[in-house]
There are 2 protein chains.
Amino acid sequence: MNNTSKPVYLKLRDIISESILDGEYGEGDMLPSVRAFAVEQGANPLTVAKAYQGFQEDGLVTVKRGVGMFVATGAKTKLRDAQRTDFIKNVWPPVERQMKRLNIKLDELLENEA
Amino acid sequence: MNNTSKPVYLKLRDIISESILDGEYGEGDMLPSVRAFAVEQGANPLTVAKAYQGFQEDGLVTVKRGVGMFVATGAKTKLRDAQRTDFIKNVWPPVERQMKRLNIKLDELLENEA
DNA sequence: ATCGCTGTATTATGGCAGTGAAGCAGTATG
DNA sequence: CATACTGCTTCACTGCCATAATACAGCGAT
């Protein structure tokens with residue numbers, strides 16, 4: 001499948017991103033600890049740490065060693081902008097190319113839902 | 001990048017797919033030999049063979065041992081249908097989900113080209 | 001039959017990514 | 001200081017990808 005073949009740490013990264021974007025974790029909130037999140041997701045603590053690592057490199061979370069990881073100020077906006085840019089630059093172009101090549105119209109895609 | 005991180009044999013597979021879809025290799029035409037295509041693409045013959053292997057398993061190419069590999073009858077349609085199904089089932093849904101989450105409208109995407 | 005092309009199988013090697021187990025290091029609280 | 005939480009570092013295992021050298025097997029033309 002598409003989701004099955006994806007590395008765990010990337011899937012975790014997506015879960016966290018979505019949680020922040022959806023407001024489940026507001027700015028200043030503490031994220032679940034590495035171990036807690038690992039148990040919750042049935043993953044290895046180290047794998048969770050690897051997922052978290054990317055966020056702190058991007059300045060989306062603030063790390064207080066010995067305390068926890070907190071959603072940085074402006075993280076939601078920053079994350080949204082980054083994902084929008086990535087989508088428009090990297091995700092959409094190949095999708096559009098494939099649609100053209102296969103002659104898939106937007107109509108066919110939008111019918112499939114209410 | 002997106003293209004750089006992709007395994008070589010998958011990239012080769014894509015190149016061949018596009019060539020067939022675009023009619024560069026018509027039905028009945030012989031595909032480049034493993035060794036020739038390897039030189040052309042700067043890859044290893046074995047890697048090319050691995051790329052070709054998937055096509056014969058899907059019945060898209062006919063193998064004449066000692067002669068070469070030929071585009072099967074109906075391959076173009078078959079390939080097109082398979083890719084359309086895959087696109088609609090596996091590619092589009094996550095794209096659409098992300099567009100909703102990031103509030104990206106189709107208008108923004110379609111402006112960027114003539 | 002021989003030569004030159006075709007695809008295929010075998011085995012081995014190097015590199016890299018993902019995952020995992022244990023232990024180290026920092027901080028708050030008592 | 002002791003405890004219990006936090007993140008983080010180190011070492012090792014696994015599997016996949018790519019490459020390589022070599023050999024084998026089928027076909028066509030000379």
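Chain identifiers are assigned alphabetically (A, B, ...) following the order of the sequence lines, protein sequences preceding nucleic acid strands; residue numbering begins at 1 within each chain. Because the structure is predicted, anything quoted here is derived from the model rather than measured.
Direction of the helix axis in the helix from C/dA1-D/dT30 to C/dG30-D/dC1 shifts by 0° between the two five-pair termini, rounded to 10°.
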Q.
Each nucleotide in nucleotides 25-30 of chain D should get exactly one letter: B, S or -. Can you fill that in based on protein heavy atoms under 4.0 Å?
A. SBS---
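The side chain of B/V34 approaches C/dG7 more closely than any other nucleotide in the set D/dT19, D/dT10, C/dG7.
Within the 4.0 Å cut-off from OP1 or OP2 of D/dA20, at least one side-chain nitrogen or oxygen of B/N44 is found. Under 4.0 angstrom from either OP1 or OP2 of C/dG18 there lies no side-chain N or O belonging to A/T47. The shortest distance between the side-chain N/O atoms of A/K50 and the OP1/OP2 oxygens of C/dG18 is below 4.0 Å.
Regarding A/K11, its NZ atom lies at a distance of 13 Å from the C1' atom of C/dT19, rounded to whole Å. Rounded to a whole Å, the CE atom of A/M69 is 17 Å from the P atom of C/dG26. Atom-to-atom, CZ of B/F37 to C1' of C/dT6 comes out at 16 Å; the value is rounded to the nearest Å. At whole-Å resolution of the value, CZ in A/R35 and P in D/dA4 are 14 Å apart. We find that NZ of A/K6 is positioned 12 Å from P of C/dG18, with the value rounded to whole Å. Rounded to whole Å, the distance from CD on B/Q41 to C1' on D/dT19 is 17 Å.
Both A/L10 and A/P45 lie near DNA chain C, and the one whose nearest nucleotide falls closer to the 5' end is A/L10. Remark on DNA chain C: of its neighbouring residues B/L46 and B/A36, the 5'-side contact belongs to B/A36, judged by nearest-heavy-atom nucleotide.
Closest heavy-atom contact between A/V67 and A/M30: O-CE, 3.5 Å.
B/Y9 comes within contact range of the sugar-phosphate backbone alone, with a heavy-atom separation under 4.0 Å but no base atom that close. If you check every strand for non-hydrogen atoms under 4.0 Å, B/Q56 touches sugar and phosphate atoms only.
Note: the hydrophobic cluster containing A/V71 also contains A/Y52 (ILVMFWY, side chain heavy atoms under 4.5 Å, direct or indirect links).
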